[in-house]
Structure formats: C-alpha cells, structure tokens
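When reading the values below, keep in mind they use all heavy atoms of this one structure, side chains included, and skip hydrogens, waters and symmetry mates. Every chain is numbered from 1, with letters handed out A, B, ... down the list of sequences.
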Amino acid sequence: MFWTAWAILSVVGDIVVWVFVGPHTPPGALTETAKSDQFDFNVLLMFAVPVLIGVWMWLAFAIRFWNVKRGGPDPVGGEAARNNKVAQVSWIGITSFVVLFLAGFGTWALVVDHGSGGGEGPNPVWSPAGAVKAETAAATGNSSWKVGEPLVVQVIAQQWRFTYRYPQFGGFESQQINIPAHTTIVFNVTSLDVIHDFWAYQLGVKADANPGINNVAYTETKGTGSFVVRCAELCGIWHGGMFNYGKVLSQSAFQNWASSTEAANAQNTKFLPAFSWTYYPSANGAGGGYYPAGNLTPYSPSETYGSATPAS
Amino acid sequence: MTISAERPVDVVAGAPSLPVSKVSWTQRPGWVSQHLGTAVVMGFLGYVFGHWLGNYIASGYTYVQNTGQNNIADTLALAFMVLGWLLGIGALNYPLLKIVGREPAEEEIPIKHWSRFFRFSLDHKVVGLQYVVGVLLFMFTGGLLAMAVRAELLSPTFHLFSADTYIKIVSEHGTVMMMMATSIIVGPLGNYFVPLMIGARRMAFPRIEAFSFWIFTAGYMVIFAALPYGGFPTGWTGYAPLQTQAGPGMIGYLLGFAVIGTGMIASGFNIGVTIINYRAPGLTWNRIPVFVWSILATASLLTLATPVLFVGGFLGLLDKTVQTAFYVNEHGGSAYLWQNLFWFFGHPEVYIMALPGFGIAGELLPVFTRKPLFAYKVSAAGMMGVALLSFFVWQHHLFQSGINPDMRPLFMLTTELISIPTGFIYLVGLGTMYKAKIRFRLPMMFVMALFFNFLIGGVTGVFLSDVPVNVTVHGGFFVLAHFHYTIMGGLLFAFMAGLYYWLPKMTGRMMNEKIGKWHFWTMFIFFNLTFFPMFFIGLLGQPRRVFEYASNLQGLNDFASISAFLLGVSFIIFAFNLAWSMWINPVKAPANPWDSLGLEWQTASPVPHDNFERIPVIMTDPYRYGEPDAPAFADLGVAVGSNSHEA
C-alpha cells in the first residue's frame, strides 16, 4: 500500500510540477541557453519530487503508525531487523543508477549547450560554430559584425559597475548592454580589480570576472526581450548595488544602436587603450594603487592597460 | 576478528587522590595558580608585546610609511596574544619544561573543585563541558549577527547599517558560524563521549585535547578582534584579491582560521588516535558505536583537510605583512590559488559539519525505536565513503570561475557520487524506523527533524552540482538556503538531539521536557519558514551578501526575516531551558533515562575520574534491542547500579 501510494503520488507530483511549475522555473526561456538550463533544472525536479515524497511519506508513516502510543508487540531484534539484503542492494543500486544517470545527463547538457552559459576560462572547450573565428578576428580590433555572425561583447567589471566593450564596432565602450536576437553571443569577461561575476539571469549566463583573466561564456539569443545583469561574486561593500539592465533587440535595431553609438563615441573611443582581453588599471596596480590619481602621464598607455595580446 | 576477552585486562584501583598540598601549584585551587584569569592577563601582555615588536621591526618599512598601516604589528599583536593566552592557561607548561630538561609535575590528579572548569584540564569530561559552553557562546554571538543581517534585509532601500558595516556583519557571521560548526559536536560530545563509548579511561593525548579547546577559545578572540580592527569585507570565503585589498580586519580572519585550524588538527588527531588505539578489549571494528564511526570519519577530515586551510591563511598573512604575492595576479601569484586551497579544505569541512550529525542520528535511533540499527555496516561505509569522496569535489565551487573547463564533468560526477554514501544514512535511518515502536522523546524529535531538513539540503545539493543548473543558482540565495539546510538543519538539530540526550549523563540533571518541546517546535517550524523561502529568493535572482535587492523580492525577504527573528526566539527558549533545568529547578537524572544499551550509560553517574573502575570487556555488538535474552554489551566487572541491561 505504501509503495502504491508513493508511485501514484510521485507520478501525479511529477506531472503537476512539469506542467504547472516547469514553464516558470529559472532562468526562463529568453535564449536557447536559458531554455536548456531550464530543461535541465526541470529534469532534476522530476527526480527530486519522488525522492522527497518517498522520504516524507516514510517519516509520516513512522510518526503515525510505528510509535509507542499505538501499542502492539515490541519490535523483534535479531538478524531480520538488522539487515535486509533486498532493501540494501536495491537502495544502493537505485541511488547509484540515478546519480550516474544525472551526472551523464548533466555532462551531455553541458556539452551540447556549449558550456551552458558558464564561464569556460580563456580556452573554452565547447564553442558554438563560428565563435572562435569571430573572437580571433575581434582580437585584432578591426573586424566588424554582420547579421548572422557571432557577436563579441567584452564585459569589463570593476568596483562597482560593468562596462561593455564592442570590438566589432570600433571598440566603443558603453554602460549599457544591448545584444541582437537570433545570434550567438560571445562574452569575454574580465575585471579591473577584484573578482566579480557577470550574471545575466535571463540569458542563462554566469561567468566570474577575474582581473587579468579572460573568461569566455556563450549564449544563443532567440527573440527580443530584456534581462538583468547582476554581480554574483562578493566584490566589496556595494556588491548588492552592482547591477544593470540589458535588452535583446531585433538584429536591425541592434545594428542601428551599435552603429550610431560607435559614431557618437568615435571621438572618445580613440583615447581608449587598444582592444585587449585583459586590462590592468595601473602599471603597478597591486598593493593599494588601484587607480592612477587623475593624471596618466607618468604611464604609457600600453603599460597602464597591460598586454594587447590575447591570453590564449 | 578476535574477541580478546582473554587479553590481559588492566585492573586499576581507584584513582590516586593526593592531598591538595602535593598538587602542582599551577593546578591548585585558588588565585595563585593558572586559570582563566592568568590567561586573560598573559593574553593582554602578549598583545602589547607583539604590537610593540611589530612596530619595532616594521615601522621603517616603505609600505608601512606609505600606507600608515602596520600589518606586521597587528599580526604579531594577535599572534602573541594567542601565545600569551596559551602560556597563561598553562597549555605550554609540559612542552616548555621538557625543552629545558625538567620533568613536569605529575598531572594525573583529579581535583574535584569547581575551578577545574576554568583551567587547563586533562580530564576529557571537563574538556567536553568546557566545549559545551565554548560552542554555545560561539553560536549565540554568531546568531546575534544573523539577526542583524536579517534586520537589514527587511527593506531593499531603508538601511539600518551602512553598506560597509553590513558586509562586515555578514562576513563575521559566516566565519564565526563556520568555525563554530567545525567543533560543535566533535568538541563537546566527541571529547566527552568517545572515551566512554569505547571503554577507555582517557584520551590518547589529553594535553593535546585540552590544548585544542584553549586554542579554540583563542581563535574565537582572534576572529572577533577583526571587528575592532575594522572588520573584513570578504564573506567567510575570503577570496583574493578582495582579501589583498581589505584592511587590517582581514588579519583577524586569516590568523583566526590559522589558529582555529591548529585546534582542529589537534582535536582530530587526538580523537582519531584514541578511537584507533584505545578501544576496550572486544570492541572490534564491527562493534564500535556508529557515533564513534562518525567521529572517526570527522577526525580524519579534521586532520587531513585543515592543514591546507592553515597554509592558505598563512600565505595570505605573508601577502599582507611581508608583501609576498601568492594571491596577487599582477605580481606572478594567482587568486585561483586561494580559491583552490580554500575549497580543498572547505569542502571536506562541509562534511566535518555533516558527519557527526549522521552519527548522532544513527546512535539515537535504536534507543528510541527499540530496534537494532538497520544496516550497520552500510552506515559505517557511508560515513567513510563521504569522508573519502569529500577530497575530490572541491572544484564544484569554481564551476563558473574560469578555471579549466574540462574538469567540470569530472567534478560534477564526483559531487553527485557523494550523494550515494549520503543516501546510505537515509537507508539506515528509514530502515531502523521500519515497524518500530518509536518513543517521541525530545532527542528523537530532533533526529526526525534532521532527516526532514537534511533531505531538502541534500536534494538541492544535487541541483547545485549540476553544471547547467549551477549557472543559475551559483552565488545566489539558493546556495545560502542549501547550506543552511545541511548545516543548521542537519548538524545543529543533531547537536540539540545530542544535548537533550546526553546532558543528563554529563550533568546529572534532566532537561525540562515541556520547555524543550516549545524549543523544538519553534526551532523546527521557524527554521523551515526562514530558509525555505530563501530557495525562491535565490531562484528569482537575488545574489548572496547583498545590501540592496530587487524591490519585488521584499515580501519574501520580510517573511524570511520575521521567521528568522522567531527562530532567534527559539534559541532564547533553549537558553532558558538550559538555565531552568541546570540551575533554577534541577531534576536529578536517572542513571539511564532512555534505557540505552550504550556503554556510556553503563558506567556510574557522575562518571568517575577514570570512567570505569575496570576496563570493560565488550561482549557483543552495541544495538541488540528487541532481543530479551541478548547478552549485555559489556562486562564491566563490577556492579554499577540497576541499569546494566534492559531490552
């Protein structure tokens, strides 16, 4: 009776969760990456529900029926109460099977989804088509973006804001992040000071921003929409205030925004350091002097901003 | 396995009791001796001396003159404070006398004076009770900080604290609680009951044991010294470069972990050696109580994982004082080094904070179900399996950090594998409850709550270990809820079960059942109401350790905060119960109030100085409940009251 009840409740629970909860689980379905992460989350939920129901039912049974108040004979000890080969072998077998299955499934999801939006470090092993080519071209600082090709966005974190740099649009910098729909996006995440984390919730992207390291994450956008970017790694006192909003625009709207921003910023962009995967804010950045005080003249730009060659 | 009943049994008459005048002056009752007061004085003098020394050495250094901040003085001050504290309490008498070639005074003398609780005592029972007070002090201060955190999070925009103060409160709360949790069961209950449960007269290294307690208290002072130094902003994880950037409060964190780490290594080493070598004749590996198994697994983790933390903290101190660059990327170091060192310790530590809880659950279940422990060998294998695997999972904390991505499937696999041995504990627990005759006394209620809470913590752990899901949940309130469910929902509930169960043996007084029930229900209900909403807060996108958050999450945050305050009330009820049952209205405990077959209940109450009049001989395995004609667990050689065996 216990097992029948458990089976029925589990099936019902799984159906209810899949149908009513599943579509609303994070991180939503704004991008292919997010959708895939959400699918993964829901698969885990499908396994979690029967486990929770099973153990809770067992505890409830124990409280209700197997207590001293109900009287009955004393429990009998001995070998039968100590071991039950069927129960032990099947418990270990089933948990092992579930665990190995979930590890395999997680690996599969990670690989087919190009790292699932997680930061893969400077040398990614799971890249979408064309991403590496676009990135290599972007490193030269004079490639440009065409509709349908991957877009490279550099995320530069610092205490306590994100700056976005678009190498395929002359390397302009913006406090605003807009990306085109139906496009592969390559995020190159780095930091100027401490460790931050670029967490674009609705995009299904999360990558630590380490100073001096280029952390690469991918996402594939679908339709248009908006998303929020938060810092998810403690970075000092205003960690909680380090967020901004971004938009997934249609490809033509993005093209317009990026081109006009590039043109509007051209006179400033020429003062920026050459495009590079990592930047150091000062030649002797460690040990307290994180920002040169107002005047950059003692430092050459290349010394000030570090190497111009990709870390990979 | 030989049941070595034939082995020569060490028979010792009652402990020697010298007249007070023969006792070494350091231990003699009265002010002229070594006690907490001399420790305080010596600690203060050590602090002053260390500060002077640091200034003498380093005040001419360029970076000290440029920044106006002498980290060397701050570090040496705290280090000499610890040294002075240990000297003052007498923890170093023995090695120092040995160094100068003198034979230390005989210390095997029981001094039945209340002041022994304020001294460097070699009696594991005194150390156990000292630890009870120590961890409760730790826990209540950490809890007060938690109240402050939840009070700040009542509103996304209206602030009680400045952003700076807030992050320092969060960091202090996390660090204090993590330090406390490493010792909360091993310290009080492990030290007190392991020798009693394995039939030993004492610990293998009583001086190391007492040292571990007194350096634990020194660690408490060092970590709180971080606050007057300006606090530290890094959370309990202390990530570089934020660590490098932080002010002198960071020294309290780094040195605090190094100091408390020393105590953890000492305590683990002593308890591990004791369990392996001091078991009574006949107590073979498949007869030792499951609580002892859990403490053995924990002790091995304490001994093997903590040195890595010590080294991590030490390298950080070098970075901050003598300008090395272990964690400074720009100068050839790596911030990843800290992350790896920290989590290589940090993940085994998570199991240091889970295994003793499993042990208590396994130990108490047979007593309250009146059944033998189901699948004893599986439970021992589960604990040792968890301990072993815990060394191979640390990089799951770094899934998004940008380190080598092809390690990810491997660490996802090892992390998920660890749920197999953890599942063993559930097999054991649920199997023991099967068709039992459960008596819902307070300890059992806490054990049931542990199984309920830890399940939620464990299942959400699988979500976190899955890399694609980790992208969403890493660094958010989901993680926070997960580890509060495992540590607080598991370990702390187990600690409470253990206290309600064993305090009658430790103090000879029963805890009040009625107030205890109030404590249990408020704690259980409000624990869940506090932390369950946090899963949703995290899934809706709130990062950890934030000062301001999205306004649409205020409802959930307020709900969690108010529940947290009521959870705080449950701890006040507990404190009241403790005061009520121990001092205000003490009720004498029966010799064996729970009808346990455990060896610790078979010896006299209060426990004699040497625990057993004769080393017991273990006759059978420990959980023969439900067998009316089963032999007694141990042959104590003498009649010790009416409670020798009950089925």
Side-chain angles (χ1 to χ4, degrees), chain A residues 26-27 37 40-41 44 48 51-52 55 58-59 62 66-68 74-78 81-83 88 91 95-96 99 102-103 106-107 109-110 116-121 124-125 194-195 197 201 204 206-208 210-213 215 230 232-234 236-241 280 285-286 288, chain B residues 67 163-164 167 233 235 239 241-242 245 328-331 335 370-372 375 378 399-406 409 412-413 416-417 419-420 423 427 430 433 435-439 448 451-452 455 459 463 466-469 471-472 474-475 539 541 543 545-549 624-627:
Chain A
D37 291 354
D40 222 59
F41 188 97
L44 290 186
V51 173
L52 291 173
V55 175
W58 192 275
L59 292 180
W66 299 330
N67 65 40
V68 73
D74 281 339
V76 181
R82 289 167 182 278
N83 287 298
Q88 279 161 265
W91 180 282
T95 52
S96 304
V99 160
L102 287 179
T107 307
L110 180 68
S116 294
E120 291 191 48
V125 292
V194 302
I195 299 174
D197 187 291
Y201 178 93
K206 185 176 276 165
D208 272 12
N210 295 274
I213 285 152
N215 193 7
R230 287 181 197 285
E233 202 69 73
L234 179 58
I237 58 175
W238 292 111
H239 165 59
Y280 286 121
Chain B
T67 58
D164 191 37
I167 199 68
Y239 275 13
L242 193 59
Q245 197 191 53
V328 185
N329 290 348
E330 296 92 311
H331 294 190
R370 311 315 288 168
K371 279 186 69 193
V378 174
F399 276 154
Q400 321 304 340
S401 73
I403 54 171
N404 211 356
D406 43 16
M412 172 158 47
L413 176 67
E416 294 188 0
L417 280 182
S419 45
I420 300 175
L427 171 69
L430 303 185
M433 284 173 210
K435 291 194 175 164
K437 211 168 170 183
I438 303 176
R439 299 181 304 180
M448 296 291 272
F451 280 105
F452 179 88
L455 181 70
V459 165
F463 283 72
D466 185 278
V467 185
V469 174
V471 168
T472 301
H474 170 84
L539 291 174
R545 300 151 166 171
V546 293
F547 174 63
E548 291 174 329
Y549 55 88
R624 301 192 74 162
Y625 295 91
E627 291 177 70

- Item | Short side-chain to backbone donor-acceptor contact, Glu233(A) and Ile195(A), under 3.5 Å | no
- Task: State whether the side chain of Lys206(A) and the backbone N or O of Thr472(B) hold a donor-acceptor pair below 3.5 Å, judged by distance alone.
- Result: yes
- Message: Restricting to non-hydrogen atoms, name the atom on Val125(A) and the atom on Glu120(A) that form the minimum distance, rounded to 0.1 Å.
- Response: N-OE1, 3.0 Å
- Tyr201(A) versus chain B, heavy atoms under 4.5 Å apart: side chain, backbone, both or neither? side chain
- Message: Quick check on the interface: out of Ala207(A), Pro27(A), Ser116(A), who has the most heavy-atom pairs with chain B under 4.5 Å?
- Response: Ser116(A)
- Looking only at Gly475(B), Pro233(B), Ala163(B), the option with the highest number of non-hydrogen pairs under 4.5 Å against chain A is Ala163(B)
- Query: If you count heavy-atom pairs under 4.5 Å with chain A, which of Met433(B), Lys435(B), Met448(B) comes out on top?
  - Reply: Lys435(B)
- Message: Out of Gly235(B), Gly402(B), Ser419(B), return the one with the most heavy atom pairs under 4.5 angstrom to chain A.
- Response: Gly402(B)
- Message: If you compare all heavy atoms of Gly541(B) against all heavy atoms of Pro543(B), which two are closest, and at what distance to 0.1 Å?
- Response: O-CD, 3.3 Å
- Please report the shortest heavy-atom distance between Pro75(A) and Lys371(B), naming the atom on each side. CB-CG, 3.5 Å
- Given that the side chain runs from C-beta out, which part of Phe399(B) has a heavy atom under 4.5 Å from chain A: side chain, backbone, both or neither? backbone
- Please state whether the side chain, the backbone, both or neither of Val471(B) comes within less than 4.5 Å of a heavy atom of chain A. both
- Asn210(A) versus chain B, heavy atoms under 4.5 Å apart: side chain, backbone, both or neither? side chain
- Relative to chain B, which of Gly118(A), Ala109(A), Gly241(A), Pro124(A) shows the most heavy atom pairs under 4.5 Å? Gly118(A)
- Query: When you measure from the side chain of Asp164(B) to the backbone N and O of Ile237(A), does any donor-acceptor pair fall under 3.5 Å?
  - Reply: no
- What residue, out of Val76(A), Val51(A), Thr95(A), Leu102(A), has the most heavy-atom pairs lying under 4.5 Å from chain B? Leu102(A)
- Message: Which one wins on heavy-atom pair count under 4.5 Å against chain B: Asp197(A), Thr107(A), Asn67(A), Leu52(A)?
- Response: Asn67(A)
- Message: If we ignore hydrogens and angles and just use 3.5 Å, is the side chain of Trp91(A) paired with the main-chain N or O of Gly423(B) as donor and acceptor?
- Response: yes
- Message: Let's test your reading of the structure: which of Ile167(B), Val546(B), Asp466(B) forms the most heavy-atom pairs below 4.5 Å with chain A?
- Response: Asp466(B)
- Message: To the nearest 0.5 Å, what is the distance between CZ on Arg230(A) and NE2 on His239(A)?
- Response: 10.0 Å
- If one checks every heavy atom of Gln88(A) against chain B at 4.5 Å, the contacting part turns out to be both
- Query: Side chain of Asn215(A), backbone of Asp208(A): donor and acceptor closer than 3.5 Å?
  - Reply: yes
